[in-house]
Amino acid sequence: MATAEVEVPIPTVMDLSSKLEPLQVDTADIYNLETTKKPTSSSFVCEWMPTSLRLPSSTTKSSPEEDCYLCLPVHISEESYFKQNETKEEFKDDGYCVSTAAQLRLVALNNYLANAAPLAASRQRLLFGDNILPHQRRSKYQRQESYQHQIHVQQQSVSSHKLITSTNSGRVINVLQGEIAHCTAKQADVLVSDDATTCHIVALRSRCHRGGQVVEINDGIMASMTHVDGPGYDACLSDAVMQHFEHHSRRLLVVKNARMEEANANEPEECKENYTDIECHGVIELSVHIMGGFNDIEGSSIAITDNVLSVLAKLAEELDVNAKVTNNDNRPKMSMTLETCAVSGANDDGTACPIGRGLALNVATGDIFLAEVEDRIQSFSIAPFQSSEGIGLVAIDGDIQLLFNGDNSTSVEGPDALLRSVRLWATAFFPCGEDHKLNIIHRSNEEYLVVDPFFFRSHAYANELLNLSDAELLQFTSTSPAVEKANFARKVRKALAYMNGMNSTRVFVRDGAYHPIKYRRNPLVLNGWVRVE
């Protein structure tokens with residue numbers, strides 16, 4: 001597909017009452033655009049809406065530091081659509097096409113995020129390091145159909161990721177696809193998630209300021225990480241942000257009560273009313289980091305990007321520190337900043353392949369970096385694994401073999417990683433009306449890693465998948481088979497075989513009822529976990 005240079009307006013200081021200049025988007029930038037009469041060389045106008053989601057400030061010697069905000073393209077209206085194209089012959093008989101307008105808006109967003117100056121520095125540091133230019137790290141290969149060549153390419157593409165093991169990164173919480181974890185710096189050192197192609201990994205980190213000082217007492221730093229595989233997780237993302245809000249609200253209440261008691265005891269009456277709303281209630285600073293996706297032909301990545309950013313922008317507006325505060329509002333205010341946004345086209349190496357596949361967050365410092373979680377079984381050789389009980393089945397390139405339990409309690413993947421990965425397949429085979437729900441595996445106010453119960457049993461279609469070759473299995477089970485890692489097929493086989501050799505009753509039912517499985521850290525073994533009965 002032909003490409004074209006697109007002029008993208010990059011906002012600096014956003015007056016929320018102002019409008020950005022319309023963005024001209026060439027239809028040559030649209031891929032996989034299915035219309036009856038596809039436009040050939042026309043341009044569309046996309047209007048932009050400033051949001052309350054801050055972008056990183058960029059201070060130079062020639063320009064002072066100033067706030068800038070994320071802008072999102074507005075769905076082009078029918079009136080604007082025809083006004084822009086009223087003089088163009090090829091549009092006279094086509095009429096307004098909603099899907100075309102929606103595709104154009106996503107293309108505009110993709111170009112904006114890839115070129116936005118406030119996001120460039122943090123994206124450069126994450127994907128390429130401080131001293132390496134993007135073109136020096138891009139792959140030199142061309143995409144080929146050879147399955148073995150794809151494996152070689154996939155191994156090359158993850159070479160810059162730090163390998164997270166059970167011993168080199170402190171206390172780790174590994175977040176799988178469809179999961180979310182919350183923690184404080186007292187509970188974990190690193191949050192990590194990997195194996196993202198079209199998926200997006202979202203990391204949140206917050207701390208609270210009160211009267212210009214950081215409130216560090218009582219778990220003053222909170223972090224979250226999730227791995228979303230599609231649009232539609234609006235409620236879960238909103239809840240994740242509110243978890244930070246509630247966490248700091250509880251701690252601020254303790255500080256506020258102590259301060260008021262001190263004021264009542266030591267200060268004259270007239271001094272007790274001198275605190276401003278911000279000083280009294282505090283400000284929660286929430287940093288947001290998003291990584292994932294690439295320029296996939298189906299447009300799945302940019303659809304996830306659009307959804308996640310829209311949800312965060314809406315939350316930022318609701319919780320912005322500059323919102324009007326009523327006299328009876330005793331809650332803190334939240335300021336959200338999109339610190340890193342390496343997504344979709346901004347995470348593409350130029351060959352329709354993602355650069356970053358895994359993201360790690362240092363909870364205490366807030367540093368982020370590309371990461372890969374150590375795969376406990378590096379080859380197809382037979383090795384034992386642990387499930388909650390019973391035995392498991394592992395299929396190796398079409399051959400099903402029986403495996404007995406071992407011990408994975410010290411794996412950096414975390415306890416019952418195989419069982420947790422089965423949830424994705426169970427949801428697909430046995431839908432239960434809970435689509436787009438992220439499973440919370442760790443909370444900031446608890447010391448447990450929790451696997452909530454879900455229904456699963458053997459399924460005939462899983463048997464059919466297990467009998468496929470690796471290349472066939474990859475095509476049938478991945479949304480982006482050309483760019484998956486070499487271990488993708490093996491991981492799918494392990495999950496499907498476990499599901500067929502086990503059932504949810506044997507795993508989760510005790511005393512006639514379903515119960516979650518809980519683990520706590522083993523204080524004697526780094527990244528060791530002990531099941532709590």
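Not measured: the values here are computed from a predicted model. Just so you know, residue 1 is the first one in the sequence shown, and it goes up from there.
Residues Ser301 and Ser344 bring no donor and acceptor atom of their side chains to less than 3.5 Å of each other. A donor-acceptor pair shorter than 3.5 Å can be found between the side chains of Asn487 and Asp375. If you check the side chains of Asp189 and Asn362, you find no donor sitting under 3.5 Å from an acceptor.
Rounding to the nearest 0.5 Å places CG of Asp194 at 10.5 Å from CG of Leu359. A distance of 14.0 Å separates NE2 of His442 from CE of Met225, quoted to the nearest 0.5 Å. Once rounded to the nearest 0.5 Å, the distance linking CE of Met222 with CZ of Phe245 reads 13.0 Å. Interatomic distance, Thr51 OG1 to Leu70 CG, rounded to the nearest 0.5 Å: 4.5 Å. In this structure, Ser160 OG and Phe369 CZ are separated by 12.5 Å, a value rounded to the nearest 0.5 Å. Annotation: the span from Thr305 atom OG1 to Leu106 atom CG amounts to 9.0 Å, rounded to 0.5 Å.
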Check your understanding: Would Gln243 and Val241 satisfy side chain to side chain contact (heavy atoms under 4.5 Å, CB included), going step by step from the backbone distance to the final call?
Key -> CA-CA 5 Å; Gln243 289 289 328; Val241 172; over 6 Å; no
Practice item. Kindly determine whether Asn168 and Thr165 satisfy side chain to side chain donor-acceptor pair (under 3.5 Å), including the steps that lead there. Key: CA-CA 6 Å; Asn168 71 351; Thr165 72; 3.2 Å; yes
Review point. Could you go step by step and tell me if Met49 and Cys71 meet the side chain to side chain contact (heavy atoms under 4.5 Å, CB included) rule?
Key: CA-CA 5 Å; Met49 177 184 67; Cys71 293; over 6 Å; no
**Study point:** Evaluation steps, side chain to side chain donor-acceptor pair (under 3.5 Å), between Asp229 and Gln177
**Key:** CA-CA 7 Å; Asp229 52 17; Gln177 181 178 333; 3.0 Å; yes
Check your understanding: Would Ile164 and Glu374 count as a side chain to side chain contact (heavy atoms under 4.5 Å, CB included) if you check the C-alpha gap in whole Å, the side-chain angles of each, and the deciding distance to 0.1 Å?
Key -> CA-CA 6 Å; Ile164 304 294; Glu374 182 182 40; over 6 Å; no
**Study point:** Worked verdict on Tyr233 versus Lys437 for side chain to side chain contact (heavy atoms under 4.5 Å, CB included)
**Key:** CA-CA 7 Å; Tyr233 291 98; Lys437 178 182 177 182; 5.7 Å; no
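Of the possible donor and acceptor atoms, one in the side chain of Arg205 sits under 3.5 Å from a partner among the backbone N and O of Val363. Listed for the Ser224 side chain is no donor-acceptor partner under 3.5 Å among the backbone atoms of His182. The closest donor-acceptor contact from the side chain of Asn111 to the backbone of Val107 lies under 3.5 Å. Without hydrogens or angle criteria, Arg521 side chain to Ala188 main chain gives no donor-acceptor distance under 3.5 Å. Between the side chain of His161 and the backbone N or O of Arg357, at least one donor-acceptor pair lies under 3.5 Å. Not a single donor-acceptor pair under 3.5 Å links the side chain of Asp416 to the backbone N or O of Leu419. Of the possible donor and acceptor atoms, none in the side chain of Asp349 sits under 3.5 Å from a partner among the backbone N and O of Pro354. Using a distance-only test at 3.5 Å, with no hydrogens or angles considered, a donor-acceptor pair links the side chain of Thr226 to the main chain of Glu179.
In this structure the side chain of Ile173 never reaches within 4.5 angstrom of the side chain of Val190, judged on heavy atoms. Two residues are said to be in side-chain contact when any heavy atoms from C-beta on lie closer than 4.5 Å; Gln187 and Arg171 fail this criterion. Looking at Arg423 and Phe456, their side chains never come closer than 4.5 Å, going by heavy atoms from C-beta outward. A heavy-atom distance below 4.5 Å is not found between the side chains of Glu285 and Ser206. Taking the side chain as every heavy atom from C-beta outward, Cys236 and Ile180 never approach each other to under 4.5 Å. A heavy-atom distance below 4.5 Å is found between the side chains of Leu119 and Leu113. For the pair Leu468/Leu465, a side-chain contact is recorded, criterion being any heavy-atom separation below 4.5 Å from C-beta on. Within the 4.5 Å cutoff, the side chain of Glu298 has no heavy atoms near those of the Thr198 side chain.
Val373 pairs in a side chain to side chain contact (heavy atoms under 4.5 Å, CB included) with only one of the listed residues (Leu176, Asp195, Leu163, Val192), which is Val192. Between Ile368 and the choices Ile201, Leu191, Thr340, the side chain to side chain contact (heavy atoms under 4.5 Å, CB included) rule is met once, by Thr340.
The nearest pair of heavy atoms linking His247 to Ser444 is ND1-OG, 3.5 Å. Of all the heavy atoms in Ala342 and Asn347, the pair that sits closest is O-CB, 3.5 Å. Nearest heavy atom pair, residue Asn295 against residue Asp348, reads N-OD2, 2.9 Å. Glu339 and Pro56 make their closest contact through O-CG, 3.4 Å (heavy atoms, listed as atom of the first residue, atom of the second, distance). The minimum heavy-atom distance linking Leu496 with Ala462 is given by the pair CD2-CB, 4.2 Å. Considering every non-hydrogen atom in both Asn174 and Glu413, the closest pair reads ND2-O, 3.2 Å.
With respect to the salt-bridge test (charged N to carboxylate O, under 4.0 angstrom), the residues Lys314 and Asp234 do not qualify.
Ring centroids of Tyr112 and Trp48 are separated by less than 6.0 Å, placing the two rings close together.
The environment of Lys491 atom NZ is dense: over 12 non-hydrogen atoms of other residues, nucleotides or ligands sit within 6.0 angstrom.
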